[in-house]
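In this text the structure is predicted, and so the values were computed from the model without any measurement. Every heavy atom of this structure was used, including side-chain atoms; hydrogens, water molecules and symmetry mates were not. Position 1 is the first residue of the sequence, and the numbers go up from there.
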Amino acid sequence: MDKKTEEFYERLREELNNTSTWPSEYLYKFIVPTDAKKIEEIENAFDNIGAVIQTTQSKNAKYTSISINVMLESPESVIEKYIAVSTIEGIISL
């Protein structure tokens with residue numbers, strides 16, 4: 001992980017610690033090119049942890065937005081999931 005990415009995650013960890021009481025619900029939002037395999041990879045990263053996942057395709061079906069609401073134990077848990085999906089090609093985190 002490069003220095004810029006590490007700094008981003010450190011700022012996110014601090015912000016989550018300051019704004020939430022843990023465990024807490026967290027809402028992830030991603031956009032990916034519409035591809036069943038990529039969508040499945042994201043869903044699999046949140047499998048078996050009680051996540052509520054909603055997907056919506058763009059008007060031209062070129063992209064799919066994915067909202068994931070899940071109860072997590074700590075800011076580190078939030079960051080672990082971001083890192084887990086960061087290798088998916090074309091993914092954008094909002």
Can a side-chain donor-acceptor contact be found between T64 and T55 if the only test is distance below 3.5 angstrom?
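No, no side-chain donor-acceptor pair sits under 3.5 Å.
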Could you report the tightest heavy-atom contact between A84 and T87, atom names first, then the distance?
O-OG1, 3.8 Å
Looking at every non-hydrogen atom in both residues, tell me the closest pair between P33 and G90 and how far apart they are.
CD-O, 3.6 Å
To the nearest 0.5 Å, tell me how far [X] [atom1] sits from [Y] [atom2].
X: K81; Y: I49; atom1: NZ; atom2: CD1; answer: 4.0 Å
X: I66; Y: I91; atom1: CD1; atom2: CD1; answer: 6.5 Å
X: I39; Y: T34; atom1: CD1; atom2: OG1; answer: 5.5 Å
X: I83; Y: E76; atom1: CD1; atom2: CD; answer: 10.5 Å
X: T5; Y: K3; atom1: OG1; atom2: NZ; answer: 11.5 Å
X: L94; Y: I31; atom1: CG; atom2: CD1; answer: 4.5 Å

Would you kindly confirm whether Y63 and I68 end up in one hydrophobic cluster when ILVMFWY residues are joined by side chain heavy atoms under 4.5 Å apart?
no
Are L12 and M71 connected in a single hydrophobic cluster, I mean Ile/Leu/Val/Met/Phe/Trp/Tyr linked by side-chain heavy atoms less than 4.5 Å apart?
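Different hydrophobic clusters.
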Exactly one of S65, S67, S93 should register a side chain to side chain contact (heavy atoms under 4.5 Å, CB included) with F30. Which one does?
S93
Less than 4.5 Å apart, any side-chain heavy atom of E41 and any of V85?
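No. Closest side-chain heavy atoms not under 4.5 Å.
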Are the side chains of I42 and I88 in touch, meaning some heavy atoms are under 4.5 Å apart?
yes
What I want to find out is whether E7 reaches K4 closely enough, with some N-O distance under 4.0 Å, to be called a salt bridge.
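Looking at E7 and K4, the cut-off is not met.
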Donor-acceptor contacts under 3.5 Å from residues 22-29 side chains, at least two apart:
{"unit_1": "W22", "atom_1": "NE1", "unit_2": "L16", "atom_2": "O", "d": "3.2"}
{"unit_1": "E25", "atom_1": "OE1", "unit_2": "N69", "atom_2": "ND2", "d": "3.2"}
{"unit_1": "Y26", "atom_1": "OH", "unit_2": "Y82", "atom_2": "OH", "d": "2.9"}
{"unit_1": "Y28", "atom_1": "OH", "unit_2": "V78", "atom_2": "O", "d": "2.9"}

Quick check: does any side chain N or O of K38 sit under 3.5 Å from a backbone N or O of E89, one acting as donor and the other as acceptor?
yes
One pair to check against salt bridge (Lys or Arg N to Asp or Glu O under 4.0 Å): E14 and R11. What are the steps and the verdict?
CA-CA 5 Å; E14 288 175 20; R11 283 191 313 272; over 6 Å; no
